[in-house]
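Each remark here refers to the structure printed beneath this line.
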Amino acid sequence: MNILVITDQFIVGGLETHLNTYYENLKGNNKFVFIFNKYVDNGYLKDAKIYCNQFHFSYNATISDFCEDVKKIVDIIINEKIDIIHVHPFYCLFPAIFAANISKKKIVFTCHGRGSITYYNGINDTLLYTFAIKEYISKIFCVSELYKEWLDNPNKNSSFLPNIVDEKQFPKHEIKLNKTWALVSRLDDDKIDEIKKFLLMLPSLDIKEIHIYGQGNMEKELKVFVNKKHLKNKVFFKGYTNDLSKTLNGSYNGVIGQGRVAIESLTMNYPTILIGYNKIVGVIDDNKFDILKKINFIPEGFEDIPVVKLQKEIKSAYANTKKYQLRDEAIDFFGTKNFAVYLDILQNIKFKYSEVLNKCFNEMTNVKQDEMFYNSYNVFVILKKYIGSYTMNP
């Protein structure tokens, strides 16, 4: 298959690791082409065909920008002989559905988290998102069973597909009993609260050092925070690495993180502390694993544990490390065997043609092009006229 992957940006983080895992494991028998609005070469997607830095996947796109993006995607589909389009959040979804319809290609979407479901914030993108999810997209992959429940509709077009980790790229590590832990995360707005909360607990925890791996727009603020709280002798910033397995092996007692970081950590056989959503969940054991594996290691439904309980769990991880080493369980649930499921779905889903989408696009090209697409009243009138009745959204 020739697969076109589209997402707003490719910089650093779990999405980038996710895409690279698919690419490296499936490129032998499939051709991958990538489209990114913003792209930073971080060593991933080696030798891949990438179109980037020429699109307008943003709430601030004008009507002209939007129509131009649709036409560019169609040209790429034709020139690269694409068979199927796989879209990841966020605003790239909307030009992608028009391009898929015009070129008569199947389209699928991956829901990575809450933000994949709630990012739209105006009338036009709400109409388009609801139509895409409820009526048009052939298959929605959900990395959490929770998101499948939220998205399920009469068409039943969503499927739970775990966040696949390549066990060969994350082999079993040697655990260093040195009470030094690696905290791995993007250092962005949506992660900073739980990181600060955890660091404030450090003076009361049996942890010698924390090494932070990651970058982001809140990195400078976090460094100021560490200095202000007199944690410089315990917290060290190590920057970004695109080879976590090689970097960590033989140097750490455990790993701290959420989502894909936690899955990769468990695959490498580390005791793992789960944080996220401004919560500290604690060290993952069998019982927590059985719940978390179905919700992509995001702490939905978990309480924020007190420092005394966290300290007790950390001491337990030192005294009985094997209890918290869950590599076999992680591989069984998240391993590369899941790629067969993914490919089977891509092969067997059907293309959905929508006449109303084509009518929408034709009329959009004839309205005032310098208006902002997502808050344009002229665009709203067109969307309401053609797809409003399909969205079941008053």
Side-chain angles (χ1 to χ4, degrees), residues 1-8 19 22 26-27 29-37 48-51 54-57 61 63-111 124-125 127-141 151 153-159 342-366 373 379 382-383 385-391:
M1 278 184 289
N2 294 344
I3 304 169
L4 175 62
V5 178
I6 309 177
T7 190
D8 284 11
L19 295 182
Y22 275 73
L26 300 178
K27 67 181 180 181
N29 296 314
N30 303 276
K31 173 186 174 183
F32 280 87
V33 178
F34 295 91
I35 290 178
F36 306 123
N37 179 36
K49 187 65 174 289
I50 297 171
Y51 295 86
Q54 55 181 296
F55 300 91
H56 314 87
F57 304 148
I63 298 172
S64 175
D65 292 336
F66 187 92
C67 294
E68 181 183 323
D69 285 348
V70 172
K71 292 172 183 177
K72 282 182 179 178
I73 295 170
V74 170
D75 288 343
I76 292 169
I77 290 168
I78 294 170
N79 293 335
E80 300 290 352
K81 298 181 173 57
I82 297 300
D83 300 309
I84 191 162
I85 304 161
H86 190 155
V87 183
H88 299 261
F90 297 96
Y91 276 88
C92 60
L93 172 65
F94 306 125
I97 61 174
F98 287 98
N101 199 60
I102 292 168
S103 56
K104 296 182 171 59
K105 299 300 177 183
K106 299 183 286 188
I107 184 169
V108 299
F109 177 71
T110 291
C111 173
N124 292 345
D125 49 350
L127 280 167
L128 283 170
Y129 185 89
T130 308
F131 179 80
I133 295 297
K134 300 287 186 185
E135 293 289 334
Y136 187 67
I137 294 172
S138 297
K139 179 63 66 175
I140 304 165
F141 296 109
L151 287 171
N153 55 73
N155 293 328
K156 300 294 182 186
N157 62 341
S158 60
S159 291
Y342 171 72
L343 291 174
D344 184 64
I345 289 173
L346 295 193
Q347 291 280 10
N348 290 294
I349 58 173
K350 304 299 182 184
F351 166 69
K352 295 181 181 181
Y353 177 71
S354 171
E355 182 63 31
V356 294
L357 273 185
N358 273 358
K359 288 179 178 178
C360 281
F361 187 70
N362 290 336
E363 290 202 17
M364 285 172 192
T365 60
N366 294 320
F373 179 88
V379 170
I382 295 168
L383 296 179
K385 175 182 177 182
Y386 289 112
I387 71 173
S389 60
Y390 291 90
T391 66

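Below, all heavy atoms of this structure are taken into account, side chains as well, without hydrogens, waters or symmetry copies.
- Judged by distance alone, the side chain of Lys106 and the main-chain N or O of Leu346 form a donor-acceptor pair under 3.5 Å.
- Here Leu343 contributes atom CG and Met1 contributes atom CE; the two are 5.0 Å apart, rounded to the nearest 0.5 Å.
- Atom-to-atom distance recorded for Lys359:NZ and Ile387:CD1 is 13.5 Å, nearest 0.5 angstrom.
- Of the possible donor and acceptor atoms, one in the side chain of Asn366 sits under 3.5 Å from a partner among the backbone N and O of Asn362.
- Between the side chains of Tyr136 and Asn101, a donor-acceptor pair is found at a separation under 3.5 Å.
- Across all non-hydrogen atoms, the minimal contact from Cys111 to Ile140 is CB-CG2, 4.4 Å.
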Pair Val5, Ile3 - check side chain to side chain contact (heavy atoms under 4.5 Å, CB included), show working. CA-CA 6 Å; Val5 178; Ile3 304 169; 4.1 Å; yes

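- The two residues Ser138 and Lys350 come nearest to each other via the heavy atoms OG-O, 2.8 Å.
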Evaluation steps, side chain to side chain contact (heavy atoms under 4.5 Å, CB included), between Leu93 and Ile137: CA-CA 10 Å; Leu93 172 65; Ile137 294 172; 3.8 Å; yes

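- Residue Lys139 comes nearest to Ser159 through the heavy atom pair NZ-OG, 3.0 Å, listed as atom of the first residue, atom of the second, then distance.
- For CG of Asn29, the number of neighbouring non-hydrogen atoms (other residues, nucleotides, ligands) closer than 6.0 Å is 12 at most.
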Can you list the steps and then say if Asn2 with Val33 is a side chain to side chain contact (heavy atoms under 4.5 Å, CB included)? CA-CA 8 Å; Asn2 294 344; Val33 178; over 6 Å; no

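- Screening Asp8, Asp69, Ile35 for a side-chain contact (heavy atoms from CB on, under 4.5 Å) with Cys92, the sole residue that qualifies is Asp8.
- Using cut-offs of 30° and 60° on the angle between ring planes, the pair Phe351 and Tyr353 is tilted.
- Closest approach of Ile82 and Lys105 over heavy atoms only: O-CE, 3.1 Å.
- Rounded to the nearest 0.5 Å, atoms CD1 (Ile97) and CG (Leu128) are 5.5 Å apart.
- Not counting sequence neighbours, the partners of Phe373 by the ring-ring contact (aromatic ring centres under 6.0 Å, His included) test are Phe66.
- When all heavy atoms of Ala96 and Val87 are compared, the closest pair comes out as CB-CG2, 3.7 Å.
- Rounding to the nearest 0.5 angstrom, the gap separating the CD atom in Glu135 from the OG atom in Ser389 is 9.0 Å.
- To the nearest 0.5 angstrom, Tyr386 atom OH is 13.0 Å from Phe131 atom CZ.
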Decide yes or no on side chain to side chain contact (heavy atoms under 4.5 Å, CB included) for Leu19 and Phe36, but give the supporting numbers first. CA-CA 12 Å; Leu19 295 182; Phe36 306 123; 4.2 Å; yes

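- Residue Asp344 holds its CG atom at 10.5 Å from CD1 of Ile349, rounded to the nearest 0.5 Å.
- Judged purely by atom type and a 3.5 angstrom limit, Lys31 uses its side chain to pair as donor or acceptor with the backbone of Glu80.
- Using a 4.5 Å cut-off on side-chain heavy atoms (C-beta onward), Phe57 and Ile6 make contact.
- Heavy atoms only, all atoms of each residue included: His88 and Phe109 are closest at C-CE1, 4.1 Å.
- Between Phe94 and Tyr129 there is a side-chain heavy-atom pair separated by less than 4.5 Å.
- By the ring-ring contact (aromatic ring centres under 6.0 Å, His included) test, Tyr22 pairs with His18, Phe339, Tyr342, sequence neighbours left out.
- A salt bridge between Lys72 and Glu68 is present, with a side-chain N of the basic residue lying under 4.0 Å from a carboxylate O of the acidic one.
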